[in-house]
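These notes concern the structure reproduced below.
Owing to the predicted nature of the structure, the values given are computational and were not obtained by experimental measurement. In what follows, every chain begins at residue 1, and chains take the letters A, B, ... in the order their sequences are listed.
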Amino acid sequence: MRKLVDDLIQAKISRRQFLAAMSAASFTTAAAQSVLDSVAPLVAGTDLPPDFTRRVTGTGADLMVEQILETGAQYLFVSNGSGLGPICDALVDRPQLQLIQATHEGQLVAIADGYAKASGKTGFGMFSRVGLPHSSSNMYNAMKDRTPLVLFSDHANSNREGTDSHEDLDDWLAAVEPYTKWRWVVHEPERLPEWVRNAYKIAGVLPGGPVHVRVPRDHLYQRDLTATVYSGGALNIPMALRPDAAEVERAAKYLLDAASPLLYVGPEVGQTGAGASLVELAELLAIPVVQHRSFYADFPNFHPLYLGELTSIQGYLRAYPVPIDCFLNFGARFPIGRDLSNVAVIQASVDGTTIGRNTPVASALVGHLDEVARSLIEAISDLATPAQLRERSADRRATCAAHTEQVRAARETAARGSRGTPVPWQRLMYELNRQLDRDAVIVEEVGTEQKVLGFFPFADDGMLKIGRTEGRALGWGVGASAGVKLALPNRQVVSLQGDGGFLFGQTDSLWTMSRYDIPVMTVVLNNRSYEETRWQILNRGGRAGQANRDYVSYLGDPDVDFTKLAAAYDIPGAIVEDSEALRPAIQRGLRTLAEGRPFMLDVRTRTLGAGAELSWYPDFSLAAERSRDV
Amino acid sequence: MNSATLGYLRRRLGETVHIRSAAHCPCLLWLIALAIACIPLLARSQDVFPDSPARDTVAVICSQCHPLTRILDSKLSATQWEALLYDMISRGATIYDRELTLVRDYLVENFAADER
């Protein structure tokens, strides 16, 4: 019956022919008429654009690729697998979908993730069915960040499912349920375009997230399938929802009445493009701003109202000793580790399930954050005149500006005064900032975001920060930087990595950068240590700390030369051991990028704090244990 | 430790917004517990934190993210203290430019290791 309805809607058969066919299929006249009546609105006088849909005939892979192309996808991020054979066949006549190959599924997902975060588009990927476990680490990261990704794989042939056969499990989807917004195994190849649309829609609607779709290989190879493919216009629906007007007015009053409001920003601001309106809101009432952990800089970090991360509040309260009495959370997911029981909390988010989940709120603003910010600006402007607003906020504005200016000056003094061998990491940041373009992109995976937020001026019209992921599973940044560069080919892209983070399987992304001439400068802050892990373990004061034993953090043996790793992929590099050598090395790297090639900068950085002097680790030599020299 | 500084720290206990975890600092201690721990510590530390015009400033600035015992437990050279201070500032310790020399000189003068 579905085909009959489809043919009727497509005007391939008349109503009379439809009724005759239903009758021949043993439906009663009443039943046939009822079905006809239900689809009538779709048949009579439908005024759709002529290219809204089209019929496509081909293999399952042909149908799948046709629908992917309709989303506007430019890249398909893949890794090797024979299950991609039918896709390869489909691409022979569809060169407009560019394959970008990775040598590891986890790096494939990282590349797609970086691409999606930088472009604002959904990233599409496909890997071998047995590659799912490899992919899951960065799938987890993408889910924590709510990054829109559609990740396909092949699947066991449809006549082998459920038999625990070769390269198969009975239930793959259960393994990735926590890491995906949606997951599916296709069982009807003619519905492949429908599942692509479903996946694309679910991944992209805020809050987004990765989806995983598995397609039995025989379905991908199956020939002479016909299905409807929808044009891109049918798939993109404006989702700029406005918040409830009464709630907006309530929130506006809280903000106006507050003696010491605070604006707390999180990644939804960047995801919804609400940066400019949020700056306007903050400036309207001179609300100081604190940045939550985020893979974006959600507020210009060199703005006079920008305090820093959470711990910066204490310093601000030294200058403006009025306790915080109104906390406006814009796009950050609680909990944030604070007791806000005596504070008026306003939370704004596109995700209603997040609001009030961990912290009771006085006002809940559900909607697209740009719309929420604009609504608040409008409501506040209706409640007070510009002169009243200026007078109300004058003292706080001046105090905050003076405070942040002095803090930035101290940070610059500290950075400029940091020098020597090994290189102080802050000197590296300082020198990079002086040399990079004003619209460069920093893709970072180096510990706390403050290491980057303190040195590079991020803003909508300035530099862009991407990273770290909220998930914090290491092994994301190098691949992500390749994806970022694909999304933003005309901006300098620098990947900042710790040596420990780089060694979490990220060398594979150098292969991708080299193959496709993706000019990214990867900078490894090489202090031969998982520094923050070392601090946390040793400062705990447990037995290991008391014995001054660093069991898991020392990385100096073997002492990795990252330029040699890069050279294995035909990527040039330089080692920097003294701060005086930073500038020429960075310049050499930027020249290499300009020439169209990636570059590796291995900077031997200083480590400080608990255990800095330690090089002990639990020694063991298997060679010494042998009884035969083999 | 003068009464104004102690009062500041006590007010921090009573203020409406408390930090329960130093989520963005390299250490794990909660600021409330930190502040509670610091008050008796600071109250009796007037001997181990030598008196000086800079002492209160050092106590306030250096307790933003970690306990003051870190200072007591450290014996660093002048060069190392400066390097550590610059590192802390770069990681987000809120200090004013005009306070930087004051804090550095206090740490070096009172907690420096013997550089012989």
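With respect to chain B, the highest number of heavy-atom pairs below 4.5 Å among A:Phe455, A:Tyr316, A:Trp425 belongs to A:Trp425. When each of A:Gly308, A:Gly447, A:Gly417, A:Gly454 is checked for heavy-atom pairs under 4.5 Å with chain B, A:Gly417 comes out on top. When the candidates A:Arg419, A:Glu405, A:Arg411, A:Glu412 are compared by the number of heavy-atom contacts under 4.5 Å with chain B, A:Arg411 comes out ahead.
A:Tyr430 does not touch chain B: none of its heavy atoms, backbone or side chain, sits under 4.5 Å away. With a 4.5 angstrom heavy-atom cutoff, A:Arg408 does not touch chain B via any of its atoms. Residue contact with chain A, scored on non-hydrogen atoms closer than 4.5 Å, involves the side chain of B:Glu99 exclusively. Interface remark: B:Leu85 contributes no atoms to any contact with chain A (heavy atom separation under 4.5 Å). Contact annotation for B:Ile95: both backbone and side-chain heavy atoms come within less than 4.5 Å of a heavy atom of chain A. Contacts between A:Ala610 and chain B at a heavy-atom distance below 4.5 Å are absent for every atom of the residue.
A distance of 9.0 Å separates SG of A:Cys326 from CG of A:Leu262, quoted to the nearest 0.5 Å. In this structure, NZ on A:Lys451 lies 12.0 Å from CZ on A:Phe456, to the nearest 0.5 angstrom.
The neighbour count for A:Arg604 CZ, taken as heavy atoms of other residues, nucleotides or ligands under 6.0 Å away, is above 12.
A cation-pi contact, defined as under 6.0 Å to the ring centre and within 45° of the axis, links A:Arg318 to B:Tyr96.
A salt bridge between A:Arg472 and A:Glu449 is present, with a side-chain N of the basic residue lying under 4.0 Å from a carboxylate O of the acidic one. A salt bridge is absent between A:Glu445 and A:Arg468: the closest approach of a Lys/Arg side-chain nitrogen to an acidic carboxylate oxygen does not fall below 4.0 angstrom.
Ring planes of A:Phe299 and A:Tyr306: parallel class, angle under 30° (limits at 30 and 60°).
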